[in-house]
Number of protein chains: 2
Amino acid sequence: MSSTSSAGRGRPARLDRARTVDTALDLLDSLGLDDLTMRRLADSLGVQAGALYRHFATKQDLLTAMAERMLADTPAPREGGDWDERLAGLARAMRTALLAHRDGARVFAGTHSTGAHTLRFSDTVTGVLREGGFNDEDAGRALMAVVNYTLGHTLEEQAALRPGDDDMADPERLRRAVESGPFPHLAAALPTLTSTDFTAHFEFGLRLLLQGLRALGASGARRRAGGGGAGSA
Amino acid sequence: MSSTSSAGRGRPARLDRARTVDTALDLLDSLGLDDLTMRRLADSLGVQAGALYRHFATKQDLLTAMAERMLADTPAPREGGDWDERLAGLARAMRTALLAHRDGARVFAGTHSTGAHTLRFSDTVTGVLREGGFNDEDAGRALMAVVNYTLGHTLEEQAALRPGDDDMADPERLRRAVESGPFPHLAAALPTLTSTDFTAHFEFGLRLLLQGLRALGASGARRRAGGGGAGSA
DNA sequence: ACCTGAACACCGTTCAAGT
DNA sequence: ACCTGAACACCGTTCAAGT
């Protein structure tokens, strides 16, 4: 982790990519994305704002590096188990990685990292699917479906947790709005919609996707191999 | 729509909420979210920036009104058909509404409208599910799953379409990154992952969710009614 | 009542000049 | 080679003052 090359030679060489990204993630946690500025980050690093541009061409570049870094904390999935349980584990790991930092989902959504960690994660997901019997096209599309769902869910989860612009909390505002108009179905579902058990919400949608994939996998394997058995080695 | 009360009296009363939101959406289409500023919007309305704050407390407030306005273009779903086809139609309508404006998904993701159009849309989705035989809790969770998936997908779709920071287009950057490392599964799925047939991608994930809901609906109806038949009236 | 003018406290980014 | 200092061209937001 620490690669302070030839420390003590000349000036401390205060700035490097890794330390800058780490500090930026710390600052993100304490300030939130909207208040994370290049100047404040420079301050935290004991440097002028302009110095950051020796390591990152733009702020967007820095945010991409932060998103890439967040996925680095994703643990490798355990080897055994069925493909569907392994896939679920990977989706949960992605949600956990995004939740680990304030506004993590927003940072991730706003960038398009093609870094090693991001690609490793996507490659692992795709591998689980292919080894589960899906063809290349279905594996690619399933990867996108699971990632997009997880991103959308976590975005909403983190948005619901931060305080709104006005004084009211998010669930209370929704409750009053629903009760103020003719929204009978929404009113009936309100206890669920205002629940803060986001893990249960996430698991519900994830289960739907897995169920759909199981149905597809069974018919897909039959289509290709002439018989059932989408089971892995 | 036009409520220019007592036109011709005094000054033209240039500013009102509806016209401001419409102009803001036009500007969004031509400039994109990052270049949509209160000053530029004021310019387009022939007014000083400060005047906007008589109608919107903050820029965030304006963005919320814009998101709410985008969902107004969602057509009511046709009455007939099975609940799953009606639900699919609503998800497609949401995607279409977000795609209708540049960065539409980003605007929607960054706000939490509790306006009439947003609630009407959610109420309709929940109604389709309840009438399809789902209990209130499952209907609420299914609403969130479908909305979050649609949001995540459309976010990625619009992000993939806008040009990146560097000169390279998004698919080409991904291709080079994948080929530069040991990502065999990603390489196999690359033709799918770089495809720009986003409708096909969206439909794939949507089908998974619907399949999962069908399976759940069948067992859920059995659980409650003691027999099959999740069919609507 | 509604808008202007002008300010306040910031931004991201660039770049000559220093060491 | 790496960072400073200072500037450029902006931001969102506020508010006395005008009409």
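Proteins get letters first, then strands, A, B, ... in listed order; numbering begins at 1 in each. Only a predicted model underlies this, so the values are computations on that prediction, with no experimental measurement involved. Atoms considered below: every heavy atom in the structure, side chains included; atoms not considered: hydrogens, waters and symmetry mates.
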For [X] and [N], give me the distance from atom [atom1] to atom [atom2], rounded to whole Å.
X       : N      : atom1 : atom2 : answer
A:Phe56 : C:dT14 : CZ    : P     : 15 Å
A:Asp34 : C:dC10 : CG    : P     : 16 Å
A:Asp43 : D:dG5  : CG    : P     : 12 Å
B:Leu45 : C:dC2  : CG    : P     : 16 Å
A:Asp35 : C:dG12 : CG    : C1'   : 15 Å
B:Gln48 : C:dA7  : CD    : C1'   : 13 Å
A:Leu41 : D:dC3  : CG    : C1'   : 15 Å
B:Leu15 : C:dC2  : CG    : C1'   : 9 Å

Ion pair present between A:Asp170 and A:Arg173, side-chain N to carboxylate O less than 4.0 angstrom? yes
Would you mind checking if A:Glu203 and A:Arg207 are paired as a salt bridge, meaning a charged N to carboxylate O distance below 4.0 Å? no
Nearest-neighbour nucleotide for the [X] side chain, [options] considered:
X       : options               : result
B:Ala51 : D:dC2, C:dC3, C:dT13  : C:dC3
B:Tyr53 : D:dT14, D:dC3, C:dT13 : D:dT14
A:Thr37 : C:dC11, C:dC3, D:dC3  : C:dC11
A:Thr58 : C:dT4, D:dT4, C:dT13  : C:dT13
A:Arg39 : D:dG12, C:dC3, C:dG12 : C:dG12

Assess the side chains of A:Thr111 and A:Thr64: does a donor N or O sit below 3.5 Å from an acceptor N or O? no
Pair B:His185, A:Asp123: side-chain N/O donor-acceptor within cut-off below 3.5 Å: no
Paired with C:dG18 by Watson-Crick or G-U wobble geometry, both distances under 3.5 Å: which nucleotide is it? D:dC2
With a 3.5 angstrom cut-off on both distances, give the Watson-Crick or G-U wobble partner of D:dC8, or none if there isn't one. C:dG12
By nearest nucleotide on DNA chain D, pick out whichever of B:Lys59 and A:Gly46 is the more 5' one. A:Gly46
Would you say B:Arg40 places a side-chain N or O within less than 4.0 Å of OP1 or OP2 belonging to D:dC11? yes
Assign each of A:Arg54 and A:Met38 the nucleotide of DNA chain C bearing its closest heavy atom; nearer the 5' end lies the nucleotide of A:Met38
Tell me, please, whether B:Phe202 has B:Arg92 positioned over its six-membered ring: NZ or CZ under 6.0 Å from the ring centre and within 45 degrees of its axis? no
